[in-house]
Amino acid sequence: MDEAISSVPMNNLIQSGHTVLFRLLNGETRGLKVDHGSAVSLGRLGSFPANALIGQRYGLTHEIQGKELNILPPRVLQEVEDTDATNELITDGELVQPLTITEIEALKQSGAHAADIIKAQIEQHANYELKTEYSKEKYKRRKEAKYMKAFTTVEPTLHNVCEYWFKKDHNRIRDLRPDTLSQMLNLGSIRPGGRYLAVDDASGLVISAVLHRLGGEGRLISICDVDSPPAYPVMAQMNFAKDIIAPLGTLNWATAQPDYAPAAPQEESSSGEPRSDRHRQRLDRRKLANDALQQTRNELFSGEFDGLLVSTEYDAFEVVQTLSPYLAGSACIVVQHPYQQPLTELQMKMRAIPSYLGPSITESWSRRYQVLPGRTHPMMSTSGTGGFLLHAIKV
Amino acid sequence: MWSTARTVAAGDIVIIWQTRESVQPLLITPGKDFNSKFGFYPHSDLIGVPYGSKVGSRNGKGFIHLLRPTPELWTMALPHRTQILYIADISFITSWLDIKPGSKVIEAGTGSGSFSHSVARTVGARGHLWSYEFHEARANKARQEFSDHGLADIITLTHRNVCKDGFTVTNTVDSVFLDLPAPWDAVVHAKNAMRKDCTSRICCFSPCMEQVLRTVNALNEAGFTDIAMYEVLIRPHEVNEITIPKLDDIVTKLKQSEQKREEKRLRQIANAGKRKREGSSENAVENGENKKAKTDGANVTELHRTSELESTSTSAKGVGPQALQGADDSASVNGAKAVYEVRGHTSYLTFARLAPIADEA
């Protein structure tokens with residue numbers, strides 16, 4: 001098993017067309033498309049040519065210097081020496097920073113490096129020496145975040161992308177926090193080669209997650225509420241290669257009904273002389289699309305799927321009841337909802353039906369800690385919810 | 001891994017689900033029997049049955065469900081050799097470490113193999129797990145188990161003290177998981193094993209804060225970045241149909257009860273008068289009965305409360321309210337609440353990232 005390391009997988013390198021997550025020093029993360037020949041603009045930090053980034057490894061820290069990017073060494077925690085200083089002599093509201101905005105702007109214009117600006121500020125700071133070492137460290141960090149034009153590219157892992165969306169717009173992903181999402185994938189027992197059904201009204205987060213865990217092997221049929229395959233906004237940041245998306249097939253709630261019949265009669269495409277080459281091409285394309293749809297429908301109806309993952313705006317019980325006939329014995333069912341009540345109702349209804357074994361409701365709780373030498377404590381603010389999960393086994 | 005066939009075959013490992021609290025693995029061996037308080041089942045009866053079936057016992061004592069093992073069911077059912085990892089931590093670690101099909105992963109120690117099975121399922125045939133266990137007997141047991149579960153190609157198990165001797169691979173793995181008493185002693189070894197051409201990740205699993213602090217220092221000194229520490233817990237909720245009696249009903253009931261008591265008192269006075277006239281006096285009895293009537297009233301209310309708590313979809317509706325006169329309109333709702341006692345702490349999860357080494361400019 002000790003084979004030589006293969007070359008860097010393509011997805012670990014930033015490629016033209018990728019949507020890259022940029023983490024700034026102040027902790028903010030932005031997602032921007034990086035196209036060959038274009039400029040990447042990071043607002044206050046300025047802009048740089050995309051070509052400087054294309055081909056680089058994900059996860060490096062860069063500093064913008066003019067039109068160039070310099071790679072910075074990874075940032076490590078600073079050991080802080082404990083002193084006797086306290087804030088006893090520091091009074092609130094006093095003007096302690098005589099370096100004016102104009103002076104700072106002048107320094108910036110003169111091309112001074114962020115480190116020089118911060119040094120000048122510290123020298124002018126009336127109370128700096130009165131601060132505790134912890135406080136000095138915090139001050140320096142804050143100023144660095146303000147003046148350093150540095151960013152780290154964030155690898156497009158499922159965890160990072162989910163976290164990005166959770167911070168950016170948790171409503172659009174139905175409050176699915178990374179820990180809750182990870183529990184869905186494990187409770188659903190998603191494995192490469194497995195066959196799954198998913199209902200995703202969470203901007204494609206659930207679909208992306210399952211595709212991520214299929215790794216290009218197996219099958220995923222997504223049942224959606226629009227007439228053509230939806231655009232899944234979350235998938236943009238995942239930067240999936242073609243082979244990872246290959247397992248995905250799409251039906252909508254109408255085409256997923258056994259009695260569905262297309263509004264346009266089938267014969268139109270097969271019988272009758274095409275009027276022109278373009279007409280023939282159009283008919284052929286239409287037939288191809290129709291055949292693909294029929295094939296996906298047949299696949300659904302022949303059943304034996306290994307699991308069902310749901311995060312839906314629709315009635316969860318209707319969704320589960322509609323799709324559970326296509327699940328194999330012992331298949332996993334996982335339903336996420338931002339509100340508890342719909343899952344409470346769902347659990348009540350499911351436990352009256354013998355084909356659902358052990359429907360259970362859980363809620364994930366997670367807390368992040370600040371870990372700095374001598375300053376370790378839980379974060380002062382934390383996310384209150386990642387939604388609720390119901391899981392059961394089809395029997 | 002485990003069987004993916006539709007039906008159970010001889011030699012399969014199946015999960016026997018008796019109740020939520022009683023989930024156990026079973027190796028299907030023709031000629032053997034499975035016996036429990038839910039009945040008697042010859043293994044041969046289970047062969048050919050589709051996975052997910054409900055099977056009745058030979059002696060009519062009950063039934064079981066035959067499930068296909070998943071790492072999550074295995075975690076519920078596995079024989080404990082050590083303290084094990086549960087789904088909250090396993091799934092979060094898998095997510096943060098970005099373990100996915102094709103990932104190359106290290107874990108130390110193997111323990112009871114709860115995490116190992118989950119990782120093996122997720123990395124699949126294209127990935128690999130190097131698992132290290134310093135306790136020889138446990139290492140041998142786990143090796144046998146992995147082989148029985150068809151994981152021999154995915155998991156390489158080595159009996160070794162990684163804190164002293166390091167790992168068997170270098171510049172290879174995407175992620176490392178350390179569940180060791182002193183993970184800080186293995187951090188530099190872990191760094192050697194991790195790949196440097198792209199981001200690789202580490203997680204250290206420690207129950208105590210003191211361990212976390214030492215680990216953070218070791219990670220920092222070894223050049224790891226983005227050190228982050230988390231706790232993750234799962235709160236199970238129970239769902240009950242709860243009846244909500246109307247205040248009007250209890251007012252009516254209390255009034256009726258008072259009315260009855262008053263009628264009884266008057267009856268007793270009348271009777272006592274009669275008895276007195278007949279020459280006997282037993283006031284003590286009268287007082288006693290009066291007290292008893294009061295207690296009966298309180299009991300009804302108490303019974304009612306109990307039924308709220310224990311109610312399920314069928315049991316509670318009506319028990320309390322219908323016992324009351326004119327109480328047909330008492331409401332019921334489906335309520336969910338966190339279960340009374342939950343796991344409050346497992347371990348702190350300390351994560352860090354090893355940034356790739358940049359290409360030479």
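Remember, it's a predicted structure, so these values are computed and weren't measured experimentally. Lettering follows sequence order; numbering is per chain, from 1. Heavy atoms only: backbone and side chains are in, while hydrogens, waters and symmetry mates are out.
For the pairing with B/D98, the side-chain contact (heavy atoms from CB on, under 4.5 Å) check across A/H159, A/H212, A/E155 returns one residue only, A/H212.
Scanning both residues, B/A355 and A/G59, for their nearest heavy atoms gives CB-O, 3.9 Å. Considering every non-hydrogen atom in both A/R351 and B/V239, the closest pair reads NH1-O, 2.9 Å. For the residue pair B/N240 and A/M348, the shortest heavy atom distance occurs at C-CE, 3.4 Å. Nearest approach of A/L214 to B/P101, heavy atoms of both residues: C-CG, 3.7 Å. Residue A/R213 comes nearest to B/T122 through the heavy atom pair CD-CG2, 3.6 Å, listed as atom of the first residue, atom of the second, then distance. Heavy atoms only, all atoms of each residue included: A/I190 and B/R121 are closest at O-CD, 3.4 Å.
One finds the CG atom of B/L233 at 10.0 Å from the CG atom of A/D179 (value rounded to the nearest 0.5 Å). Taking CZ of B/R6 as the reference point, atom OG of A/S330 lies at 12.5 Å (rounded to 0.5 Å). Atom-to-atom distance recorded for B/H237:NE2 and A/S360:OG is 12.0 Å, nearest 0.5 angstrom. Remark: A/T180 OG1 to B/F92 CZ distance equals 10.0 Å, nearest 0.5 Å.
Checking side-chain atoms of B/R126 against main-chain N and O of A/P192 turns up no donor-acceptor pair under 3.5 Å. Counting only distance, with no hydrogens or angles, the side chain of A/R57 and the backbone of B/T199 share no donor-acceptor pair below 3.5 Å.
A 6.0 Å sphere centred on CD of A/E68 holds no more than 12 heavy atoms belonging to other residues, nucleotides or ligands.
Listed by chain and residue number, B/R195 satisfy the side-chain hydrogen bond (donor to acceptor under 3.5 Å, both in side chains) test with B/D174 (two or more places apart in sequence, or in another chain).
The shortest distance between side-chain heavy atoms of B/E72 and A/I393 does not fall below 4.5 Å. Between B/L67 and A/L357 the shortest side-chain heavy-atom distance falls below 4.5 Å.
With no hydrogens or angles considered, no side-chain donor-acceptor pair links A/T157 and B/R201 at under 3.5 Å.
Residue contact with chain A, scored on non-hydrogen atoms closer than 4.5 Å, is absent for B/T19.
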